[in-house]
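So you know, we letter chains A, B, ... as the sequences are listed, proteins then strands, and number each from 1.
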Protein chains: 2
Amino acid sequence: MYSFTEENYLKAIYKLSDNNGSGVSTNSIAENIQTKAASVTDMIKKLSDKKLLKYEKYKGVNLTQKGKDVAIQTIRKHRIWEVFLHEKLKFGWEEVHEIAEQLEHIQSELLINKLDEFLGYPTHDPHGDPIPGENGEFHNNAFVSLDTVEANKKVILSGVINHSVPFLQHLKKIDLTLGQKLMVIEINEYDRSLKLLLNGKIEIFISNEVAKNILVK
Amino acid sequence: MYSFTEENYLKAIYKLSDNNGSGVSTNSIAENIQTKAASVTDMIKKLSDKKLLKYEKYKGVNLTQKGKDVAIQTIRKHRIWEVFLHEKLKFGWEEVHEIAEQLEHIQSELLINKLDEFLGYPTHDPHGDPIPGENGEFHNNAFVSLDTVEANKKVILSGVINHSVPFLQHLKKIDLTLGQKLMVIEINEYDRSLKLLLNGKIEIFISNEVAKNILVK
DNA sequence: ATATAAATTTAGATTTGTCTAAAATTAATA
DNA sequence: TATTAATTTTAGACAAATCTAAATTTATAT
Ligand SMILES: [Mn+2]
Ligand SMILES: [Mn+2]
Ligand SMILES: [Mn+2]
Ligand SMILES: [Mn+2]
């Protein structure tokens, strides 16, 4: 139905939208998708012709419902494949994204629904991001970032904000993976770095920078 | 490394080669890949520049070792994905090929090796075709077509020659699927149609046309 | 051997997606 | 407000893969 490239543009625009009707800028798309602004303008015209987005010259773009649907289905496929790679093939959470970038473009509704069933209808991907349903419904996460949690409250690591490979590798190294039970036991006033207790046993220290990029519930 | 299109050409040429050094013709490639002869000539030049095949004008092409390697790895990926779709996602053997045509182009050696492991290192795909190893080694099947089997000999359905969807659907409908134990109990001289005994219980009739396209061991 | 047919290649276009450089528009600043 | 800066668009080109129509080469048949 739609090309890899078209799906990638729609996904990028979807992620860059703040739903304030503000219009996603050409430059931000170019940066996100690693291409040049001129190329973005060209593609935008094509997507506009196909009624996937609304485009006003120099004013940025907004996805139509049709465009959002395609973007969300692509994200759904991406995240379901990530679960497969992590749960079944035992890829690390820092490895799954790159491969899912390819798999998300496989065209077969039946495939993704059967895969979803095979995985037991997962609700979140290996990074804690929610998996939209078959009809695009999004149950939003009510996670908070770890640097806002008060001391002595038990929480569970449920997601990350920074999805970069080095960050995910670092967390894995210090045993901070999805589902980890933890408690903030000390907040240093000076730099807001934290002392955590993992599983009620091991104590570790993390910087505020790291804490800000961890989501818990 | 190589584009979808390049991999598809190499796979087609590999399958059309009889290893008699005879050179695969432009037309046969065009037919196989559903394109026009002129397009094939263009692509052949490109693949020749990349040392994936040897090309002599008007004389057809022969894959180099490098070209064969790419073709075999693509076939390996195709067949491993077919096993996954059939065994894990419960797709029918007539449904897997089309989706595997897409999945075979996913680029990640690690992915295919982990998938292979996850599936328990299968040796054959859902159609009985052998799966080449990581280093391209091919253990050749010693199957014979059912129309050459003598009466009252127990055999196992181990593959098919015709891979078309209607043929595979038909076999499934009459319970002739991979692994089925059967015995030829009657060969009609007139049209060489057969009476089979399935699992030592059920009797069915098949035409010679069908028998010729079934492989057993 | 010559004529005809079939297969193959070339020439010239087209589509998709990209790019650079230049022009146009909008935003920022003095 | 006038000038500069940043952003965006246009113009023109290019690579990949494809096509049609015409030219060339090889195969087949008289
Ligand atoms: Mn991802
Ligand atoms: Mn993810
Ligand atoms: Mn197949
Ligand atoms: Mn197969």
Side-chain angles (χ1 to χ4, degrees), chain A residues 1-13 16-18 20-63 67 70-71 74 101-102 104-107, chain B residues 1-13 16-18 20-63 67 70-71 74 101-102 104-107:
Chain A
M1 196 64 178
Y2 300 103
S3 71
F4 282 33
T5 310
E6 288 170 326
E7 287 184 348
N8 283 336
Y9 269 91
L10 293 170
K11 204 169 53 128
I13 296 165
L16 292 167
S17 301
D18 14 353
N20 301 341
S22 47
V24 178
S25 76
T26 303
N27 256 1
S28 65
I29 298 169
E31 196 185 351
N32 186 283
I33 225 163
Q34 309 244 64
T35 186
K36 296 296 152 71
S39 309
V40 173
T41 303
D42 287 343
M43 178 57 71
I44 274 172
K45 286 176 184 162
K46 200 178 134 189
L47 297 175
S48 179
D49 290 344
K50 294 192 179 181
K51 311 281 185 207
L52 292 161
L53 50 78
K54 283 214 183 72
Y55 171 49
E56 245 188 297
K57 259 194 202 173
Y58 294 101
K59 297 282 169 71
V61 297
N62 284 103
L63 293 182
V70 176
T74 307
E101 283 291 306
Q102 297 182 61
E104 72 188 6
H105 302 295
I106 301 293
Q107 282 174 335
Chain B
M1 195 65 178
Y2 299 104
S3 71
F4 282 33
T5 310
E6 288 170 328
E7 287 184 347
N8 283 337
Y9 269 90
L10 293 171
K11 204 169 52 127
I13 296 166
L16 292 167
S17 301
D18 14 353
N20 302 340
S22 47
V24 178
S25 75
T26 303
N27 256 2
S28 65
I29 298 169
E31 195 185 352
N32 185 284
I33 224 163
Q34 308 245 63
T35 186
K36 295 297 153 71
S39 309
V40 172
T41 302
D42 287 343
M43 178 57 72
I44 274 173
K45 287 177 184 164
K46 201 177 132 188
L47 297 175
S48 179
D49 289 346
K50 294 191 180 182
K51 312 281 185 206
L52 291 160
L53 50 79
K54 284 217 182 70
Y55 171 49
E56 246 187 298
K57 258 194 202 175
Y58 294 103
K59 296 283 168 70
V61 298
N62 285 102
L63 293 182
V70 176
T74 307
E101 283 291 306
Q102 297 181 62
E104 72 188 6
H105 302 293
I106 301 293
Q107 282 173 336

With respect to the side chain of [X], which nucleotide from [options] is positioned closest?
{"X": "Y55(B)", "options": "dT9(C), dT9(D), dT18(D)", "answer": "dT9(C)"}
{"X": "T26(B)", "options": "dT18(C), dT8(C), dC19(C)", "answer": "dT8(C)"}
{"X": "K57(B)", "options": "dT18(C), dT9(C), dT8(D)", "answer": "dT9(C)"}
{"X": "M43(B)", "options": "dT18(C), dT18(D), dT7(D)", "answer": "dT18(D)"}
{"X": "T41(A)", "options": "dC19(D), dT20(C), dT9(D)", "answer": "dT9(D)"}
{"X": "S25(B)", "options": "dT7(D), dT8(C), dT18(D)", "answer": "dT8(C)"}
{"X": "A38(A)", "options": "dT8(D), dC19(D), dC19(C)", "answer": "dC19(C)"}

Separation between NZ (K36(A)) and CG (D42(A)), nearest 0.5 Å, reads 13.5 Å
Assert: residue with more 5' nearest nucleotide on DNA chain C, out of Y58(A) and S3(A), is S3(A)
Heavy-atom nearest nucleotide on DNA chain C taken for K59(A) and for S39(A); more 5' hit belongs to S39(A)
How close or far is atom [atom2] of [N] from atom [atom1] of [X], stated in whole angstroms?
{"X": "D42(B)", "N": "dT14(C)", "atom1": "CG", "atom2": "P", "result": "16 Å"}
{"X": "Y2(A)", "N": "dT15(C)", "atom1": "OH", "atom2": "P", "result": "20 Å"}
{"X": "Q34(B)", "N": "dT18(D)", "atom1": "CD", "atom2": "C1'", "result": "14 Å"}
{"X": "F4(A)", "N": "dA16(D)", "atom1": "CZ", "atom2": "P", "result": "18 Å"}
{"X": "I44(B)", "N": "dT10(C)", "atom1": "CD1", "atom2": "P", "result": "11 Å"}
{"X": "E56(B)", "N": "dT8(C)", "atom1": "CD", "atom2": "C1'", "result": "14 Å"}
{"X": "K36(A)", "N": "dA21(C)", "atom1": "NZ", "atom2": "C1'", "result": "12 Å"}

Is the distance from OP1 or OP2 of [N] to the nearest side-chain N or O of [X] less than 4.0 Å?
{"X": "N27(B)", "N": "dA6(C)", "result": "no"}
{"X": "Y9(A)", "N": "dT16(C)", "result": "no"}
{"X": "K45(A)", "N": "dT10(D)", "result": "yes"}

*Return the orientation label for the F4(A) and H105(A) ring planes: parallel under 30°, perpendicular over 60°, tilted otherwise.*
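F4(A) vs H105(A) ring planes: parallel.
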Quiz item: Are side-chain heavy atoms of V61(A) and I13(A) found at a separation under 4.5 Å?
Solution: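 Side chain of V61(A) against side chain of I13(A), heavy atoms only: contact under 4.5 Å found.
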Any K11(A) side-chain heavy atom under 4.5 Å of N8(A) side chain: yes
inquiry  = Looking at every heavy atom in both N27(B) and A37(B), which two are closest together, and how far apart are they?
reply    =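 Looking at all heavy atoms of both residues, the shortest contact is OD1-CB, 3.7 Å.
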